[in-house]
Structures are given as C-alpha cells and as structure tokens.
2 protein chains.
Amino acid sequence: MYSVLKNYINSRIQISETDLNLISEYFLPIKVKKKQFLLREGEICKHLWFVSKGCLRMFKEDRKGHEHILLFAFEEYWVGDRESVVSDKPSDYHVEAIEDSELLQISKEKLNDLYQQIPSFREMHIALQQRSFNKLQERMQKTLSFSAEEKYADIMNHQPEILHRVPLSMVASYLGISRETLSRIRANQLKR
Amino acid sequence: MYSVLKNYINSRIQISETDLNLISEYFLPIKVKKKQFLLREGEICKHLWFVSKGCLRMFKEDRKGHEHILLFAFEEYWVGDRESVVSDKPSDYHVEAIEDSELLQISKEKLNDLYQQIPSFREMHIALQQRSFNKLQERMQKTLSFSAEEKYADIMNHQPEILHRVPLSMVASYLGISRETLSRIRANQLKR
DNA sequence: ACGTTAGCGTGATGTACATCAATTAATTTT
DNA sequence: AAAATTAATTGATGTACATCACGCTAACGT
C-alpha cells in the first residue's frame, strides 16, 4: 500500500530509502468502500489523502441538488480540501469514493512535521500545487470556451482514464453538461 | 511606485525596512498604456508583474475569435503566466493593460534570487499561490453551477470592483456569457 | 470641431442544451 | 438466477442563452 506513494515520491524528487520509509510512517493507511464519504460539505477537513488504489471524487452540491464535480482522484492523486485543512474552515465540498479504495491519510499537524523533517517533500508539494493551479486554469478556460461536444472530445484526448473508470453521469457533471446531452454526443460520434 | 508593493508585503509578512528596500531593488518599474500587451499567446512569459497602479487582464482567444478572461489584475495583484515563466513554455494567454498602468516587473532569475535572499518573501508567494488556487476552484464551481443571472449577482456581491472598473463586455467575457445577455440581466435588475 | 471608434442597450430570431418522461441495459443484492 | 437498483439511451418539448442587426451615446484621435 505504501509502495504507490514511494514510487510517486521517488519519481519526483531525489530521496533516500530511509527518508522514504520515514515519510511513510507519517501516513495512516485506510480503506474505504465505494460510496463512502470522507468529507461532507460543512465539515472541517482534517486530512489530506493520497490515493494508492481506487478512485474518489470531490464535488459540490448546488441548491437544486445538482452535483458539480471538481476533481476525480485516481491512483497517485491527492484529495482533500486544502483550504479547509489549512485554515480550519468548514469545507464547501464533498469527497466520496467511487470505487473501493485504499488511501494514505495525513493530518495537518503531521504534514507540517513532515515538511520540517523532509524539506524536499515540501518542495514536491509546492510544485504540485503549482501544477494543480495551471491545470485548473486550463480547465477553466476550456469550460468557458468549449461547446459540449468539444468538451467531450477534449476529455477523450486528454483524460481518457476518466471516461473508462467513471460513470458517464459523473463525466457529464464534471464537464458541466447534462447526462442526456453527453449520451447523445456519444451516439453521434459513433455515426462518423 | 514601490510603496504599493511595500505596503502589500508589509501587511502580509513580518519584515524589516531594510529587507523591504532590498526586495524593491529586484523589481523594475515600468509603465504601460491602455491596450498595450505585456504578453501574447505563443510567447514565453519572461516576467511576473505586480500591479502598483491600474488594471490588466489575462485572457485566452478561442478559434472563433472570442475572448475568455481568466483574471483581472488591479492594484496589489500579480499577473503573468507562471507556468510559462517557470518552464519556458509558450504561453496560452494574452496579458493586456485595460487602463494606463504602473507595474513592477521581475524576471524568473531575479525572483529565484529573491526567494533565496528573503525566505519569508517566498513563503508569502507560496501562500498566495494557495489562495489563488482556492479562489479559482470556487470560481470553477460557480461557473459550473450558476445561471447567467446568478453569476452577475455573485460578482456584484463579491467583486464589485470589477463591475466598476472594467467595460461590461469584459465582465461578460469573464463570466462566460454574452455582452447582450449581461446587458439584459442588468436591465431586469433595475426593474425590481 | 470633426469624423471615427468603443461601449452599451434592445428587438427579432436561432439553437444548443436542459428538462421531462419513458424504455432498455447493466450492476448489485439477496 | 431472480429481483431490485442504478446507469444509460432515446424521444418530445421547453428555455436560457447566443447570435445577428441596428441605433444611440460618449469618448478619442487628428
């Protein structure tokens, strides 16, 4: 269960075997079942999670009861509401497993300890944060400018994993279109 | 011109007068006229800019020639394509002055130097990055779930400055709606 | 002071997409 | 393996919003 994390870190920073083991000790392995929630809107998010197996989603529910997915987290992804973790604010989002999953959990306190102990681990997280921002900005731009069809084509090209692992209704929610529209777009694509 | 930057930093981190002056020396003051571009899509972004006076926009142009604004930068904002700066990639975005503006410019190299010299300055930037991400995530969520009318109401409540300083056509582009729709929404609001 | 351009508003029309409703297919449960 | 739930498809209809077209006003440049 830790090996996914170790590989992840190893491929990103220069680090010794001992340090890798030290890092691992900071994380608590947990298992969650499909449909289990790790965080609900209004709760303070106490942990970050690293996905070593499975898949989660982070989403917001609007007042009409519609869900809007902000993130799918597969293996080697981090999930959690960083803002809530950092500043003890109630979160706006839900985090839920969409497959039976294995996670490595770390609290704010331990994370800060770890940053102290292994500065390069912190650097890694800072770089990750930077990349996440860029990705999100790109998604923002595409959300603003793409038609439903273009959104689907784009996710096929750039995040096919989502298409293969997640129910289409959730893909639709991620793209900001209705599941019926997505269904029709897919039907049209086949005809070509 | 530097005083805006100094105030900005001072209100965010604990820092000496000497260090503030040292930091200032890393920045080159520049003036830009309204409609002047600091960055065009395809160019590598060589600098970050701190806005000490005026207002800029960062936007993407889609293939139909429509513009999609990702960021308005007023006084005390940072602009620039961080991804392009960091990794020397051609930028996807344009950066343009919407008002005659005064900026403090810093190159990647100088910025890295500065990070070394004044670690707390770097910490400040890291925290900023974190906040930007959270804001963007919130915007993403609103873009996905709000109607045109709700988007307008939201910007009135949370970013009235945008409404007062930038042309409505740009507000529309920022919200991801047409300028006509925005105009009609505003007309309706008056009737209540 | 003039023509020119930028900004905003408003009506008429079009359409991409949502919503509603019913059916079928796939998964999960027992 | 049947029953029950959940997910995906398909058609009919509705609507929020875009697009097109035009006029008005204010600001800008020469």
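Reminder, nothing fancy here: chain letters follow the sequence lines and each chain counts from 1. Since the structure is predicted, the reported quantities are computational estimates derived from the model, not experimental observations.
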Original post:
With a 4.5 Å heavy-atom cut-off, do B/Arg12 and B/Leu128 have their side chains touching?
Top reply: no
Original post:
Between the axis at one end of the helix from C/dG3-D/dC28 to C/dT30-D/dA1 and the axis at the other (five pairs apiece), what's the angle to 10 degrees?
Top reply: 50°
Original post:
Among all residues two or more places apart in sequence or in another chain, which pass the side-chain hydrogen bond (donor to acceptor under 3.5 Å, both in side chains) test with A/Ser132?
Top reply: none
Pull out every protein N or O sitting under 3.5 Å from an N or O of nucleotides 11-15 of chain D, one pair per line with the distance.
{"from": "D/dG11", "atom 1": "N7", "to": "A/Arg184", "atom 2": "NH1", "distance (Å)": "2.8"}

**OP:** Taking side-chain hydrogen bond (donor to acceptor under 3.5 Å, both in side chains) as the test, write out the residues that go with A/Lys53, two or more places apart.
**Re:** none
Subject >> Pairs involving residues 69-87 of chain B, ordered by first then second residue, that meet salt bridge (charged side-chain N to carboxylate O under 4.0 Å, His left out) (sequence neighbours left out) >> reply: B/Glu75-B/Arg165, B/Glu83-B/Lys89
**OP:** Residues of residues 156-176 of chain A with any non-hydrogen atom less than 4.0 angstrom from an atom of DNA chain C: list those, numerically ordered, please.
**Re:** A/Gly176
**OP:** Mark yes or no for whether A/Ser101, through its side chain, and A/Cys55, through its backbone, hold a donor-acceptor pair below 3.5 Å.
**Re:** yes
Original post:
What heavy-atom pair brings A/Ser52 and A/Val4 nearest, and what distance separates the two atoms?
Top reply: O-CG2, 3.5 Å
Subject >> Under 4.0 angstrom between A/Ser178 side-chain N/O and C/dT19 OP1 or OP2 >> reply: no
Original post:
What is the distance, rounded to the nearest whole Å, between atom CZ of A/Arg186 and atom C1' of D/dT10?
Top reply: 14 Å
Original post:
Mind checking what makes salt bridge (charged side-chain N to carboxylate O under 4.0 Å, His left out) contact with B/Arg179, not counting sequence neighbours?
Top reply: none
Original post:
Given the side-chain rings of B/Tyr174 and B/Phe72, with only the six-membered ring counted for Trp, is the space between their centroids under 6.0 Å?
Top reply: yes
Original post:
Roughly, in whole Å, what's the span from CG in A/Leu144 to C1' in D/dC17?
Top reply: 15 Å
**OP:** Tell me, please, which residues at least two apart from A/Tyr93 pass side-chain hydrogen bond (donor to acceptor under 3.5 Å, both in side chains).
**Re:** none
Original post:
Pick the nucleotide of DNA chain D nearest each of A/Ser183 and B/Ala148; which residue has the one closer to the 5' end?
Top reply: A/Ser183
Original post:
If you look at every strand shown and take non-hydrogen atoms under 4.0 Å, does A/Ile177 touch a base, only sugar-phosphate, or nothing?
Top reply: sugar-phosphate
**OP:** Using the six-membered ring wherever Trp is involved, compare the ring planes of B/His94 and B/Phe37 and label them parallel, tilted or perpendicular (cut-offs 30° and 60°).
**Re:** perpendicular
Subject >> Ion pair A/Glu138/A/Lys142, N-O distance below 4.0 Å >> reply: yes
**OP:** Let me know the distance between CG of A/Asn188 and C1' of C/dC17, rounded to the nearest Å.
**Re:** 13 Å
Original post:
Is there any salt bridge (charged side-chain N to carboxylate O under 4.0 Å, His left out) pair reaching into residues 115-128 of chain A, and which pairs are they, with sequence neighbours excluded?
Top reply: A/Arg122-B/Glu123, A/Glu123-B/Arg122
**OP:** Enumerate the residue pairs fulfilling salt bridge (charged side-chain N to carboxylate O under 4.0 Å, His left out) with a member in residues 14-31 of chain A, sequence neighbours excluded, ordered by first and then second residue.
**Re:** A/Lys31-A/Glu102
Original post:
Heavy atom of residues 54-72 of chain A under 4.0 Å from DNA chain C: which residues?
Top reply: A/His66
Under 3.5 Å, N/O pairs linking protein and nucleotides 22-29 of chain C:
none

